Structures are given as C-alpha cells and as structure tokens.
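The block underneath contains the structure these notes are about, expressed in structure tokens.
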Amino acid sequence: MIEAATNSERRQARISPHHVAEWICLGLGLALILLAWLADHSWLDRHLLPQMFMPRSRQVLIWAGERSALMASALVLIFPLRRFIGRVVRAGGSRDLAISLLLFVTAGALAVLVSEAVLRTGNWERLERWVAEEEPLRHAAPVLGWVNVPGRVGFETYQGRMIRYDVDAQGRRVADLRRPLDPAQPSILFVGESILFGYRLNWNETAAARIGAETRLQPVNLSVNGYGPDQEWLRLRQELPHFARPRAVIALFAPMMIERSLDQHRPRLDADLRWHAAEPGWRLGKLMRKLLPYHSAAQIDSGIAATRASLVAIVAAARARGAQPLILVPEFGPEQPIERSLRARVLAGLPFVLVRIDPTWTIPGDGHPDAHANATMSRAVLAALRPEDRL
C-alpha cells in the first residue's frame with residue numbers, strides 16, 4: 001500500500017505543472033517550425049497572387065522574411081521562453097503568470113478596437129481602392145463601387161509636371177471637355193483601370209489617345225482607377241449600347257488583377273456573373289490582407305474563374321456588336337512562371353496581345369507605365385487590330 005502511494009506521488013512529480021507549461025511552449029514552437037517548413041516556394045505559388053506594381057522578387061523576399069520570423073519565434077518559444085515559464089511555474093508563480101496572460105490578451109483586444117477606430121478616420125482612407133480627394137476624383141456608386149466624378153477637369157502636379165484629366169458628363173476621360181464624344185462616330189472603346197486610363201499622363205501621352213490618332217477612330221476611354229475585370233465588364237455593359245459604330249473594344253488584364261476579383265469589400269461579380277453587394281468588414285482586416293495577402297487554393301481558383309468570366313463577357317459583347325475584341329496584357333519585366341500560368345488559365349481561347357514593358361519605363365516613384373511604355377502598348381495594339389481598323 002505504501003509502495004503504491006509512493007509510485008503515484010512519483011508520477012505526479014513527473015507530470016508537474018511546470019512540465020505541462022514547458023510542453024505547451026515546446027508544442028507551439030514545433031508547430032511554428034512545421035508551418036515555416038510547409039510554407040515553401042511551391043506553397044507560395046499556390047497561395048500568393050502577383051500584386052500590381054510589386055515585382056515577384058520583392059514578394060519572395062517578404063515571404064522569406066516572414067518564414068524567418070516564424071523560425072525565430074519558434075526558437076524563442078522552445079528555448080528561453082519555455083525555460084523562463086517553467087521556472088516561474090516551478091516557483092509557484094502560476095497565478096501571476098495567468099493574470100499576466102489575461103492582461104496581455106485584454107490589452108491586445110483593446111489595441112485591436114482602438115486601431116479599428118483610428119483606421120476609420122479620414123487620414124486612413126487610402127486603405128480603400130479609391131480616395132475621394134485623389135485626382136482623378138471618384139465617388140461611390142452602388143453597382144460599380146466607384147466611378148469618375150463626371151463633367152469636370154482635374155489637375156495634378158506630380159514630379160514637377162502638371163497633369164490634366166478631362167472627364168465628360170458620363171465619367172469618360174476625353175481629350176478636351178469642350179469637345180464631347182459623338183456616339184454616331186466609328187469608335188474604339190477602352191475599358192480598364194489606371195494603366196489604360198493613363199494615370200499621371202496627359203491625354204496625348206496615353207495609349208488610348210495614340211491608338212485613336214493612328215486609327216482615326218474616336219477613342220472612348222471608359223477606364224477607372226482601381227477597377228477589377230468584373231468592373232470593366234459592368235462599365236462596358238453600361239456604355240457600349242450608347243455607341244452606334246463600335247469598331248474595337250480594348251480591355252486590360254494583368255495577372256495582378258486577379259487579386260481584385262477576390263475583394264469582397266466592394267460590389268463584385270462571381271464566376272456566373274452574378275452581382276454581389278459589398279460585404280461590410282473591418283478596416284484592420286483590410287490592412288492585414290495587405291500585409292499578409294495569402295489566399296486558399298479554392299479562393300484563388302474562384303478569383304481566376306470570376307476574372308475569366310468577365311473577360312469572356314467583354315469579348316462576347318464586342319463581337320455581338322461587330323467590334324473586334326482585344327485584351328491588352330502589359331508585362332513589366334520578364335514574365336514569371338506563376339504569371340505565365342495564371343495568364344494561360346484566364347485567357348485560354350481569348351484574343352489578347354502580351355506587351356513586354358521594360359521596368360524602367362515607369363513613372364518615377366509611382367510604378368505606372370510612362371509615356372514610352374504607353375507608346376509601346378499602342379504599337380502592339382495597332383499591330384493586332386484588323387486591317388480595316390488601321391490606316
């Protein structure tokens with residue numbers, strides 16, 4: 001009887017609270033090591049989409065830093081922190097440790113609430129894809145999310161240059177607000193985002209203006225900064241019926257735009273072209289999505305399907321009106337394998353022209369294509385247009 005009691009006491013001594021605390025730290029540390037090991041380069045290609053104006057090499061560098069941080073955290077948990085917690089618990093400090101942990105969690109929760117309140121102030125509006133005070137001005141729209149503020153001329157000074165944005169009564173960028181578009185004229189329609197809009201370029205420097213001048217077709221620029229492929233389709237669907245003689249429709253796509261198809265904080269279309277209203281969400285969540293822009297494989301597949309569906313709809317609508325559809329795909333620098341794979345999945349069977357753009361042909365400090373890059377894109381589009389739509 002005495003021997004049995006002694007064995008029980010020994011087992012209790014072997015499974016003392018400080019051992020349990022150390023095992024928890026060890027388990028958490030090993031879990032972080034496993035997570036860092038699983039998040040290899042192939043995992044990265046499956047879960048991280050290319051981002052606009054961020055080279056893949058920079059994404060890989062950030063990912064490597066995050067893996068290193070996981071490993072460092074794991075080592076801290078396994079060695080100094082595990083031993084420290086074990087000593088505290090062994091010395092009878094379990095209650096104080098629990099209180100400290102509770103205070104830490106409470107402080108973290110309060111920090112989250114305060115951060116969310118700060119992010120909802122005007123100074124943090126740039127978390128949104130459009131900013132009310134940024135030229136060209138935009139405002140909220142129930143179906144599209146946002147549109148250009150119509151009927152105005154905006155000016156922006158950037159890098160010592162004065163940029164002029166003429167936007168007509170329908171929110172289309174035009175050469176001169178005093179010379180309205182003629183819906184009866186043979187036209188070439190451009191639908192895209194900031195690249196095709198010609199952000200931080202004057203009108204004559206943009207691809208739309210150059211192509212219009214070369215083809216002698218009226219250029220109709222429907223592009224809006226920050227748009228995704230589904231917004232391009234919705235915008236074209238609104239505007240195409242107003243033009244009697246559309247000769248070509250130029251849409252813009254880049255693998256980086258798939259990310260925008262996954263944004264649920266704006267109105268969007270799914271792979272069946274069903275419209276969904278914006279889902280309310282925390283701005284802190286948006287910020288974390290920017291810092292950790294990883295998605296599940298299923299989410300990426302749905303983004304690819306939604307992107308492709310919108311581009312297919314654009315092509316079909318153009319052909320139904322007798323216009324030539326063409327998807328412009330600018331590629332900044334050498335095309336990476338993941339970009340090539342995504343492009344093939346989205347554009348299979350669709351008419352497109354891939355344009356290689358030297359990374360130095362960008363607006364300094366901004367990343368958008370400069371006038372030289374726009375000239376290169378316009379030449380590629382002109383070469384791909386039907387003979388009857390060229391001089």
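Reckoned from all heavy atoms, side chains included, excluding hydrogens, waters and symmetry mates. Here the structure is a predicted model, which means the values were calculated and not measured.
Cluster membership check: Leu236 shares its hydrophobic cluster with Phe352, using side-chain heavy-atom separations under 4.5 Å among Ile, Leu, Val, Met, Phe, Trp and Tyr. Side-chain heavy atoms closer than 4.5 Å link hydrophobic residues (I, L, V, M, F, W, Y) into clusters, and following such links, even through other members, never connects Leu201 to Leu252. Hydrophobic clustering keeps Val167 apart from Val224 (ILVMFWY residues linked when any side-chain heavy atoms are closer than 4.5 Å, directly or through intermediates). One hydrophobic cluster, built from ILVMFWY side chains closer than 4.5 Å, cannot hold both Leu61 and Met256; they sit in different ones.
Between Trp63 and His41, the ring-plane angle classifies as perpendicular under the 30° and 60° cut-offs.
The neighbour count for Trp275 CH2, taken as heavy atoms of other residues, nucleotides or ligands under 6.0 Å away, is above 12. Counting heavy atoms of neighbouring residues, nucleotides and ligands inside a 6.0 Å radius, atom CZ of Phe104 does not exceed 12 of them.
Residue Phe197 holds its CZ atom at 11.5 Å from CG of Leu222, rounded to the nearest 0.5 Å. Ile99 CD1 to Ser94 OG: the interatomic distance, rounded to the nearest 0.5 Å, is 11.0 Å. Atoms CG and CG, on Leu269 and Leu234 in that order, are 4.5 Å from each other to the nearest 0.5 Å.
Residues Asn148 and Gly171 approach most closely at ND2-O, 3.0 Å, considering heavy atoms. Minimum heavy-atom separation, Tyr199 to Ile363: O-CD1, 3.5 Å. Considering all non-hydrogen atoms of both residues, Gly29 and Ala74 come closest at O-CB, 3.3 Å. Nearest heavy atom pair, residue Pro267 against residue Val143, reads CB-O, 3.2 Å. Across every non-hydrogen atom of Leu177 and Asp168, the tightest pair is CD1-CA, 3.4 Å. Between Asp45 and Ile338 the shortest heavy-atom distance is O-CD1, 3.4 Å.
Each side-chain hydrogen bond (donor to acceptor under 3.5 Å, both in side chains) pair with one or both residues in residues 307-318, not counting sequence neighbours, appears once here: Ser261-Thr307.
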| Given the rule in the side chain to side chain contact (heavy atoms under 4.5 Å, CB included) test, do Leu262 and Leu49 qualify, once you have shown the distances and angles that lead to the verdict? | CA-CA 11 Å; Leu262 296 173; Leu49 289 164; 3.8 Å; yes

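The pair Arg379-Glu214 fails the salt-bridge criterion, with no side-chain N (NZ, NE, NH1 or NH2) lying under 4.0 Å from an Asp/Glu carboxylate O. Between Glu22 and Arg82, at least one side-chain N (NZ, or NE/NH1/NH2) sits under 4.0 Å from a carboxylate O, which counts as a salt bridge.
For Arg274, the salt bridge (Lys or Arg N to Asp or Glu O under 4.0 Å) criterion is met by Asp270, Asp272, not counting sequence neighbours. Looking at residues two or more places apart in sequence or on another chain, you find no salt bridge (Lys or Arg N to Asp or Glu O under 4.0 Å) involving Arg245.
Looking only at atom types and distance, the side chain of Gln51 has a donor-acceptor partner in the side chain of Gln59 under 3.5 Å away. In summary, the side chains of Gln170 and Arg172 do present a donor paired with an acceptor at a separation below 3.5 Å, with no hydrogens or angles considered. One side chain, Asp366 or His368, offers a donor N or O that lies under 3.5 Å from an acceptor on the other.
Checking Arg260, His276, Arg266 one by one against Asp230, the side-chain hydrogen bond (donor to acceptor under 3.5 Å, both in side chains) holds for a single residue, Arg266. Results of the side-chain hydrogen bond (donor to acceptor under 3.5 Å, both in side chains) test with Tyr165 over Glu156, Glu135, Arg152 single out Glu156 as the only residue that passes.
Inter-residue side-chain proximity for Met257 and Met52 is flagged as met; some heavy-atom pair is nearer than 4.5 Å. With a 4.5 Å cut-off on side-chain heavy atoms, Val315 and Ile327 count as touching. Counting only heavy atoms from C-beta outward, the side chains of Tyr227 and Val147 approach each other to under 4.5 Å.
Arg164 contributes no side-chain N or O that, together with a main-chain N or O of Gly154, makes up a donor-acceptor pair within less than 3.5 Å.
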